[in-house]
Amino acid sequence: MNFNRWNNKRQLKKWSLRIFLVGMALIIIIFNDTFGGDEPFVIISLLYFVLLSFLLLRWIFKQIKTIIKLKNEQTKTELQHLKSQVNPHFFFNTLNNLYGLVGKDPEKAQHLILKLSDMMRYSIYKGEQDYVSLEEEVAYLKNYIELHKMRYHKSINIQFTKDIERPEVKIMPLLLIILLENAFKHGVENLREDAFVHINLIAKEREINFTVTNNFDASEVSEEKGIGLKNLKRRLELAYSDRHALSLKKEGAIFKAQLSLTSI
């Protein structure tokens, strides 16, 4: 209640000052029309309107600054919300696998738990940051691939080639994983044999190029669009604006996703 009173008094003072300034301007205009021509009065009038213009410009600048700040806060909030949507499908499936492994193969289950723990720790703590190093993001991708190798009881041709000049280059966390997860979710999981996922990452200076190619069962393709790629596109719009290019192509039973980024 006290805060509300203080805030109301503050607003009242601001409006009182504005009304006073406008009133003074009107008085000066009236006096100038009535008794105009007197040099001291003209100088005072000029100084007053210079002051009034300065205060008006200052107020406009503060309003623009407030709008930009609100927009940045809204963008940051939306990005955090989008990050929190990453990987729920994968984590749920892995937990289901763990349930079955605990009784059959306790040692494998322990390794799976450790990998999953590392990934969840990264998602929670690194996922809150605006940017992480490319090296950290690559380590996360490797953990994801290793977990999948442990999950499936079938042969998968997984190749991950890298050409990274600067491992310390910055990238938004949990960004590349969406394309990789999409390849496993819509490709590997629906194929009984001959499944493959080929990943290529090239980072030169500030340019990052990430490509994921996988095969899929055309008869199992769903018309329903998941949130993963929509999530990725929105995050790219918010964080990378005109500094990215995303290409998604289907050729027969092959899906190819290419993402190019210019880091900060």
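Applying the side chain to side chain contact (heavy atoms under 4.5 Å, CB included) rule to Lys249 yields the partners Ser247; only residues at least two apart in sequence or on another chain are considered. Contacts of His111 classified as ring pair (Phe, Tyr, Trp, His ring centres under 6.0 Å), with partners at least two apart in sequence or in another chain: none. Partners of Glu168 under the side chain to side chain contact (heavy atoms under 4.5 Å, CB included) rule, at least two apart in sequence or in another chain, are Arg166. Listed by chain and residue number, Leu134, Ile164, Ile208 satisfy the side chain to side chain contact (heavy atoms under 4.5 Å, CB included) test with Ala203 (two or more places apart in sequence, or in another chain). With sequence neighbours left out, the ring pair (Phe, Tyr, Trp, His ring centres under 6.0 Å) criterion links Phe184 to Tyr144, His148. Annotation: salt bridge (Lys or Arg N to Asp or Glu O under 4.0 Å) contacts of Asp105 (sequence neighbours excluded): none. For Leu248, the side chain to side chain contact (heavy atoms under 4.5 Å, CB included) partners two or more places apart in sequence, or in a different chain, are Leu179, Leu229, Lys233, Leu246, Phe255, Ala257. Residues passing the ring pair (Phe, Tyr, Trp, His ring centres under 6.0 Å) test with Tyr122 are Tyr140, sequence neighbours excluded.
In summary, Lys154 and Glu193 do not engage in a salt bridge, as defined by a charged side-chain N under 4.0 Å from a carboxylate O. The pair Lys115-Asp118 fails the salt-bridge criterion, with no side-chain N (NZ, NE, NH1 or NH2) lying under 4.0 Å from an Asp/Glu carboxylate O.
A cation-pi arrangement is absent between Lys126 and Tyr131 under the rule of less than 6.0 angstrom and at most 45 degrees off the ring axis.
The other members of the hydrophobic cluster of Ile254, by chain and number, are Phe196 (side-chain heavy atoms under 4.5 Å, ILVMFWY only). Under a 4.5 Å side-chain heavy-atom cut-off, the cluster of Ile, Leu, Val, Met, Phe, Trp and Tyr residues that includes Ile124 is completed by Tyr125.
Within the structure, ring-ring contact (aromatic ring centres under 6.0 Å, His included) pairs that include any residue of residues 155-182 do not occur (at least two apart or interchain). A salt bridge (charged side-chain N to carboxylate O under 4.0 Å, His left out) check over residues 201-215, counting only residues at least two apart or in different chains, returns the pairs Asp163-Lys204, Glu165-Lys204.
Taking a 6.0 Å sphere around CD of Glu135, one finds it holds 12 or fewer heavy atoms contributed by other residues, nucleotides or ligands.
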